[in-house]
J.: 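Starting off with a structure, shown below.
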Protein chains: 2
Amino acid sequence: MGGDDAPEMIVEGAAIAHDRAPHAKFILFGDEARLKPLVAARGGLTAACTIVHTTETVANEDKPSQALRKGRQSSMRLAIDAVKDGTADGVVSAGNTGALMAMSKVVLKTLQGIDRPALCTFIPTLRGECVMLDLGANIECDEDNLIQFAMMGADFFRTVKGVQNPTVGLLNVGVEDLKGNETVKNAAQIMRDVAMPFEFYGFVEGDDITKGTVNVVVTDGFTGNVALKAAEGAVRMFGRFLEAAYRESLLAKIGYLLSRGALRSMRESLDPRTHNGAVFLGLNGIAVKSHGSTDGQGFANAVTLTINMVEQDLIARIVDDFVQYKFDTVLQQKAAIS
Amino acid sequence: MGGDDAPEMIVEGAAIAHDRAPHAKFILFGDEARLKPLVAARGGLTAACTIVHTTETVANEDKPSQALRKGRQSSMRLAIDAVKDGTADGVVSAGNTGALMAMSKVVLKTLQGIDRPALCTFIPTLRGECVMLDLGANIECDEDNLIQFAMMGADFFRTVKGVQNPTVGLLNVGVEDLKGNETVKNAAQIMRDVAMPFEFYGFVEGDDITKGTVNVVVTDGFTGNVALKAAEGAVRMFGRFLEAAYRESLLAKIGYLLSRGALRSMRESLDPRTHNGAVFLGLNGIAVKSHGSTDGQGFANAVTLTINMVEQDLIARIVDDFVQYKFDTVLQQKAAIS
């Protein structure tokens, strides 16, 4: 029931995702009276869908604490509960981000060895896509948080992209060792000195995000949130200026018509819908946040990403990295260094 | 002598700035043997130019501390000294940013009432230009620093743009009062409660920078540096994708040719050269950093900005705000609140 055009957009997204992955089953949580006709109108979707009825929802204005206390029968909470009890393999929501993060954390619990889960998403770059985390789950982070983000981000990139040894960069105001605050300097020192389960590139700067310098960009939730939105805002401004330029004269309009096809593929690769789906990494379960303002196509992309993570067993890979071997090693080696 | 194409680019910039402001005089610091023929080749410039010879320069790799110790006869240091002793009204350099900041701070000194100078620049937005500070001079900032940045930024915007009551926003991960770290929450509380010499808008998010939501965006140097570079990187990516789209087919190429004029004006408004010149605010003197990779046109814009600040007497306006009246009031009222 979450998102600007829910539940219509959600059902449309499920239908598109169903076409792409006919073996996947969907459980829709929400008002059955509204959902049932929407699903019925989508032909093949009926057989792949179960509806769990509830009239309660989490509103966009609800504070996470409110949602936690009062929202136990909300569509969002029931969906997360379904992941907890194994009925579902993952949850996708286009609703209230803070509530989704708080509820997921309380219900699914944080994985052993991870202090704080982090929000992570794909970002278009000149060389394909990178992932960046944290995007706002943790406003203040210490060096251990950043190193854990690096490990989770590398697992995520490896799992979804099939790249065995992803490169990880730590976001900073310069690339020299002396730059930045103590937190990033310490985190970089450890990742340089200790054998990590990824290739540590070193520091990267804000423009390296879209250059595609590294596969995984690691930063605290304050900087990550601001940087992502600053980049999105800049792309939107460019797009508006471009539209205005095409409207400027008849000649420009004709030029636009001729270039339309080529421009469409460019727009697609920069379209937020193409990169939709922020993953809440570090939990014992898969929880994905879709943009609230996306459409069915965008929501389907978040669902497809979720299916991909389930099928590639992302959680098991993170558990393996953190619990069984590698993060213990990091901590031991860190202790040995200091 | 600073900048990728110096000193040719510097002299070209001086010539363009001279055309715009024929009353302005230029002192060029550097190798006379190289500068003299360049100036002579620029017709009218000779009468407006003095050359102060030195062969020493600050290199891009020099650490600020090195430059301070060893660079006393460098072109950069002599230019800053000229502002200190009143020979020049302001200094513009395309050289080493860290060295320029360190030297300017030591030589020109910080104004009374200001704890830390900040780096500030214009940024294109959907509604014209905004200014943002700090862009990297101060990696960690407390609430007093942020409030001082807000005052200096407002003075800068007012002076250069002639807007009497600029709006100021504090960069954060959300707009609600509860969002963010203690530093931004405390700073916002004070600016809401106390009569400030500007209109405090409240919190803004990363995408508000290019939306033009406020005239002045205030943040710590870490976040500001990353956000500005992330936005610049995103614009550059968009531009590259656009170029690639136009090369995609003959039709697209023809479309480009027809739209060329309109696209040119768009590019100009997003061109970093158009917005060139980061001002080091809070010093007892005007110090401006030009992009090192700019051309004569871009350098001329930084020079013109400097002339503008000198003629509008920016320093006196900041002194007025901080020393004579307003910042004392802020501190008193803040003490009364807490």
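Just so we're on the same page: letters track the sequence lines, and every chain starts at 1. Please read all numbers here as calculations on a predicted model, not as lab measurements. All values below come from the heavy atoms of this structure, side chains included, with hydrogens, waters and symmetry mates left out.
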J.: Chain B heavy atoms under 4.5 Å from A:Arg236: which part of the residue, side chain, backbone, both or neither?
T.: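 Just its side chain gets close to chain B.
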J.: Report yes or no: do A:Asp115 and A:Gln148 form a side-chain donor-acceptor pair below 3.5 Å?
T.: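 A:Asp115 vs A:Gln148: donor-acceptor pair found between side chains.
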J.: Relative to chain B, which segment of A:Ile209 carries a heavy atom at a distance below 4.5 Å: side chain, backbone, both, or neither?
T.: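 When you check distances to chain B, only side chain atoms of A:Ile209 fall under 4.5 Å.
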J.: Flag the pair A:Lys185 and A:Asp177 as a salt bridge only when some basic side-chain nitrogen lies within less than 4.0 angstrom of an acidic carboxylate oxygen.
T.: no
J.: Answer with side chain, backbone, both or neither: which region of B:Phe238 has an atom nearer than 4.5 Å to a non-hydrogen atom of chain A?
T.: both
J.: Could you look at B:Leu251 and say if it's the side chain, the backbone, both or neither that has a heavy atom under 4.5 Å from chain A?
T.: both
J.: Step by step, work out the salt bridge (charged side-chain N to carboxylate O under 4.0 Å, His left out) result for B:Lys63 and A:Glu176.
T.: CA-CA 11 Å; B:Lys63 289 189 184 140; A:Glu176 304 85 2; over 6 Å; no
J.: Chain B heavy atoms under 4.5 Å from A:Asn172: which part of the residue, side chain, backbone, both or neither?
T.: both
J.: Non-hydrogen atoms of chain B under 4.5 Å away: do they reach the side chain of A:Glu232, the backbone, both or neither?
T.: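 The answer is neither part of A:Glu232.
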J.: Measure A:Leu135 against the heavy atoms of chain B and call it side chain, backbone, both or neither at under 4.5 Å.
T.: neither
J.: Please flag which part of B:Ile139 lies under 4.5 Å from any non-hydrogen atom of chain A: side chain, backbone, both or neither.
T.: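 For B:Ile139, the contact with chain A is made by the side chain alone.
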J.: If you measure only the distance, is there a donor-acceptor pair under 3.5 Å linking the side chains of B:Asp4 and B:Ser293?
T.: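 The criterion, which ignores hydrogens and geometry beyond distance, is not satisfied for B:Ser293 and B:Asp4.
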